[in-house]
Amino acid sequence: MNKYDPKNIEKKWQVVWEKNNLSSAEDFAKKPKFYSLIEFPYPSGSGLHVGHCMGYTASDAHTRMKRMQGYNVLFPIGWDAFGLPTENYAIKTGKKPALVTKENTDFFRKQMKTLAYSFDWDREINTSDPEYYKWTQWIFLQFYKHGYVDPSTGSGQAGKLVEIADDDRTTPRLAYQAEMPINWCPSCKIGLANEEVIAGRCERCESPTAKKMQKQWMLRITAYADRLINDLDKTDYLEKIKTQQINWIGKSKGTNIDFELKQNANFIILHGFTGSPKDNFFPWLRAELERRGYKVQAPELPETNNPKIDEQVDFVVDKIKIDENSVILGHSLGAVVAMKVVERLKHPIAKLILAAGFIEPTFKDHKRPFEKTFDWKFDFEKIKKNTGSTIYLRASNDYAVPFEQGDKISNLLNAKIVDFVANEEHICGTHEPVVFDACVDKVRVFTTRADTLFGCAYIVIAPESDYTSNLKSQISNLEEVEKYIENAGKKSDLERTELQKEKTGIRLEGVKAINPINNEEVDVWVADYVLSTYGTGAVMAVPAHDERDFEFAKKYNLLIKEVVIPFEGEEHKGAEFRKTVSAVVHRRSDDKYLIVKWKKFDWFAPSIGGMEKDETPMQAVEREVFEETGYKVKAVEELGGQIESHFYAENKQVWRARIDQPVLCELRDKTPREVSKEELELHEAVWMTANEALQKITHPYNKIGFERYTKKNYAYIGYGKLVNSGEFSGIYSKEAIEAITKKIKKDGNGDFAVNYKLRDWVFSRQHYWGEPIPIIYCEKCGIIPLNESDLPLELPDVKKYEPSNTGESPLAAVSEWVDIKCPRCSGPARRETDTMPNWAGSSWYYLAYIMLGKEKEKIKKQKNGTVNVFDEFKKELEYWLPVDLYNGGMEHTTLHLLYSRFWHKFLYDLKEVPTSEPYQKRIAHGIILGPDGQKMSKSRGNVIIPDDIVSTYGADTMRAYIMFIGPYDQESAWSVAGLQGVFRFLNRVWKNVGKVKEGIDDPKDLLVDLNKYIVSVTDDLENFRLNTYVAKLMEINNEIDSLETVSKDSFGIFLKLLSPAAPHLAEELWEKIGGSESILDQTWPKADAKYLILDYVKIAVQVNGKLRGVVEVGSKATQEEVLDIVRKNSVIANWIKGREIVKVIYRPEKVMSLVIK
RNA sequence: GCCGGGGUGGUGGAACGGUAUACACGAAGGACUUAAAAUCCUUUGCCGAAAGGCUUGCGGGUUCGAUUCCCGCCCCCGGCACCA
């Protein structure tokens, strides 16, 4: 028999398999379908690495079993070809990225074929192929053209998917633009991807990077946050993948609370054409403002049906008292009057609010009489000078005032625009809360702990939030505040994330906010421990119940007010109330604590005693400790707030409700004095370490003082019972959150709210090698989406691949591509020059395998390429989706996996795909470390190249070893010795084929074992327990090793079980033993039940829990029969001799356990 | 800090609450060989001559029986990280 020579046999079979096309999937086959997806690779220049091999080998083996089990398996592969390394390579060499990609994918394909991965090569796709990215761009356009509108809020966060007209500028779109920071290298003058920023420095020149604000495309993934969490229930993802996604999305339910800023404002409300102070929202607004103690003047202007400008302005200036604290609000024509009034004033006012105002008589519907009688010239500079700030309120449902008026006024007056949907068109509802919000300066905070609202000591605003811009006139230390804000902005990511950096902040002097629950005035701070990107960018600080606020309050010496106290036990009505103190006595010499041991009840507790009248906790504790233990101590400080506990006091036989104050004490004497006899009988003093004490102390409520001191955590952040909280005192946190929020809501100061950690997806990249974003900017028409029929928008050839020094992508320099005519007005227009991130193409590639590829191209070509592939291949999508099993890396859990679920859900809403989730099951493999146990990297020189292994040992050894290396989902280190072990195993298999004889009977033991292995090997492979799968193959082979001959049938079964791991060897030996056709066409073995039921079984016998022997009994033997055999067993008989058997436990086929006395 | 996952021989690792250490590596001894490699055979958790005892990070608990379940602690890995 010749030697096992993998080189020869592997090449031989790869050719045969490819010729017979054994791994292509058939649409609509009658067999059950199985879609097995493996993450497609980024075709880098360095080729396939062992990490790829891990996933591919595992999925390939599983897939091979599935095929043999009779499934119609779709197991496709492709290339995630857009990305930075290729672009960087192009910058260095000047080679075209598309060409580089072609070379790389050719190399990858060849490598994959030598490893016999049974991919369906007819369906190969490439994300950088224009025929592919045509559809990536198409999906982007759909994002642009659609949005979710919640009719009640207009927030775009929930509700129904609607199509949005191109000229609609207010409905929130799923793809939208926003000013977002990019990583900017000031020295290279280029924008950097996150991966190019290493520890806060530019990868190329190592100078620190900064943030630069730039308009970027965003995808509103947050609109799907809830569904991305909830629909995880429908999937079989690994539990850790689910939790990681849930944590990443980070949903928290809480309350938005408005803290009104105290101001001396008085309000002047000016009505519009044909209006009066009794119209519209005016009476409601007036009532709201007056309820809050503001003075309101709402005059009726002269000749309201036929108004003349000078007359009305004169009237206001003469008759109405206007001062520096005045806020003038004009609605519609009243806004015009308001501007004219401000223009005429000799002093500034606090604020000007223009609701549906205009500066040109250009109405959408009909002409008004005043259009001619009014004077339409304004001195905008003067108006601007005469007002502290200006707000322009613009309703998207305004029938009269053109939308653009807002932009114009905003530009001229530097006004802040508030876009909203009014309760009635032209802001004419009787309630218009948005108008009210514009009148009163408020800071809105988000909290999950509304129950602690009474403990709010101050509020904190994030430095980046624009709350402060409205407040400038009131801030007396403005200069310092602005300096703080500027410094905070300069801080790099590096500094911001520095470990446990000390909190800093600055108080806005002259500004006070009003706590809406009790009308208390609180300070307002700006501090960078508050994030502008989460919630409302402002928080209420409750130092007593939040660690961060506690730390901040300690540093700046701010009020710490306790409003929630821990509550232990069960509420017991009629319990006897008692105020106590408990002592945490720390002995520094040996770091031990004084604990009192109760002799009668075997309790451990700190020294505790009741407080007497007129005693402070500090005094009480000194007395108590001395009386109880004889130690003289000095009270140092109170450890946080009080603790309420209800319990049955066995020593006194009563229900007690105890309010306890823990106090830290210092030991004054080393030795105790004598204590009274009664005390001595009750308890003794013992010294313990903190850990011991925490373990020994009997009741949880007595541990709290120790925990606070040993963990240095004085802020009580848990739930409990409210104190010092007015009408809410005495109720529990959870109820209080509900009750306080309801009260806040009723008073119009806030509402329940939900927030997510998940941010919208920044979708613009300032790079060349990505999908161009199909958008056109026209000077006149604004943003115009490219016509779908003009897709794909192909990347132009460029000379240079470097980013431009303006922060734009290299495409911006290709004027013949960028500068085009507007498709609508034929005026000058520019293309968007940013490209999509590399996550875009991979967000739908599993759909592309179904719709694109060689065969599908033919179908499309027959139809002239005008088809929508989603419609064209609807039936195929229905047949194959969802992906049954998606295998990949753990590192993709929170980006790729989440992004593609988001895209899929959107396509589902568009009715382009039939399922709401793309992947039924997701598993992930661990990484392979180098032989030194370190992560493989070129710089460490511990990289294993698959090609080297294949050329030395063959692909089968590589495959089997990679499966055998360790648990699939855990990281494992590469081991050369282990690899050789697997090679030896395959050699022994090769030799054992010589033992095969036809027409012989195998020993029964072999048949029994073989059938057992069929069951467990199948189960292992199904569940990716690949290391034990290979181990079991070894066990079977070892068993064959020990035999002289083996039947063809049995060896054939073994080869079939082996074929997923070592397909070439299995096929070669299958041929050698004269098997029919290819082993790939064989049916996966099924266990023969007759070998699984045994006549005799071995039973372990335990005596008093210890193994004392093994007996063989009939598998159907009764307990009595087994016991009889056990008694007769000499070894066991020795153990039970002279003792009484009190209990017998018998588990058939497993164990008999005897308890003897 | 929070959320996951781990901790078993000299090493990688097996074990539905039921004979802990499968399988592999390494090591030792032996066979073949002039010799080595390769291959094959034997031994291999620790203590002990043996009987037997001890052993799954540490300390408790539940159970006839715990690597497995529960409580507390220590250490390692991964993710998130001032998310209010």
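In the text below, chain A, chain B and the rest are named by the order of the sequence lines, each starting its count at 1.
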Go ahead and name the base partner of [N]; Watson-Crick or wobble counts if both distances stay under 3.5 Å, otherwise write none.
N	result
B:C2	B:G79
B:A66	none
B:G52	B:C47
B:C40	B:G30
B:C73	B:G57
B:A22	none

[M] and [N], which share atom name [atom1], separated by this distance in whole Å:
N	M	atom1	result
B:C80	B:C73	C1'	25 Å
B:U33	B:A22	C1'	34 Å
B:G4	B:U63	P	29 Å
B:A36	B:C54	P	45 Å
B:C71	B:A66	C1'	15 Å
B:A38	B:C32	C1'	11 Å
B:G9	B:C47	C1'	15 Å
B:C74	B:A81	C1'	23 Å

Does [X] reach a base, just sugar-phosphate, or nothing at all? Heavy atoms under 4.0 Å.
X	value
A:Ser972	nothing
A:Thr448	sugar-phosphate
A:Ile1099	nothing
A:Arg1108	sugar-phosphate
A:Gly981	sugar-phosphate
A:Ser252	sugar-phosphate
A:Phe964	base
A:Val1110	base
A:Ser975	nothing

Does [N] have OP1 or OP2 under 4.0 Å away from a side-chain N or O of [X]?
X	N	result
A:Ser1153	B:G18	no
A:Arg988	B:A24	yes
A:Tyr534	B:A84	yes
A:Asn1027	B:A24	no
A:Lys1106	B:C54	yes
A:Asn1038	B:A22	no
A:Lys240	B:G5	no
A:Arg984	B:A24	no

Consider the side chain of [X], meaning its heavy atoms from C-beta on, and name the nucleotide among [options] that approaches it most closely.
X	options	answer
A:Lys991	B:G52, B:U39, B:U19	B:U39
A:Gln970	B:G13, B:C64, B:G18	B:G13
A:Leu531	B:A14, B:C82, B:G18	B:C82
A:Ala1031	B:C23, B:C25, B:A20	B:C23
A:Glu971	B:C82, B:C77, B:G52	B:C77
A:Pro967	B:A84, B:U19, B:A14	B:A14
A:Met1034	B:C23, B:U19, B:G53	B:C23
A:Ile1145	B:G18, B:A20, B:C25	B:G18
A:Val539	B:G52, B:U19, B:A84	B:A84

Checklist entry - So, do A:Trp974 and A:Tyr961 have ring centers that fall under 6.0 Å from each other? => result yes

In whole Å, I'd like the distance from the [atom1] atom of [X] to the [atom2] atom of [N].
X	N	atom1	atom2	result
A:Tyr1013	B:A22	OH	P	12 Å
A:Asn987	B:U39	CG	C1'	10 Å
A:Lys555	B:C82	NZ	C1'	14 Å
A:Asp451	B:A84	CG	C1'	13 Å
A:Ile1156	B:G65	CD1	P	13 Å
A:Asn247	B:G78	CG	P	18 Å
A:Leu979	B:C25	CG	C1'	12 Å
A:Trp974	B:C25	CH2	C1'	15 Å

Next on the checklist: With heavy-atom distances below 4.5 Å as the criterion, would you say the side chains of A:Arg759 and A:Thr222 are in contact?
Outcome noted: no

Checklist entry - Do A:Ser733 side-chain atoms and A:Gly720 backbone N/O form a donor-acceptor pair below 3.5 Å? => result yes

Next on the checklist: Using a 3.5 Å distance criterion without hydrogens, assess whether the side chain of A:Lys242 forms a donor-acceptor pair with backbone atoms of A:Thr235.
Outcome noted: yes

Measure the acute angle between the ring planes of [X] and [Y], then classify it against the limits of 30° and 60° as parallel, tilted or perpendicular.
X	Y	answer
A:Phe550	A:Tyr714	tilted
A:Phe983	A:Tyr4	tilted
A:His892	A:His896	perpendicular
A:Phe552	A:Trp525	perpendicular

Item to check | Syn or anti for B:G10 (syn when the glycosidic angle lies within 90° of 0) | outcome: anti

Checklist entry - Salt bridge between A:Arg449 and A:Asp451, side-chain N to carboxylate O under 4.0 Å? => result yes

Checklist entry - Regarding A:Lys503 and the six-membered ring of A:Tyr529, is the cationic atom NZ or CZ under 6.0 Å from the ring centre and inside 45° of its axis? => result yes

Next on the checklist: Here's a test of your reading of the structure: between A:Arg1025 and A:Lys757, which maps to the more 5' nucleotide of RNA chain B?
Outcome noted: A:Arg1025

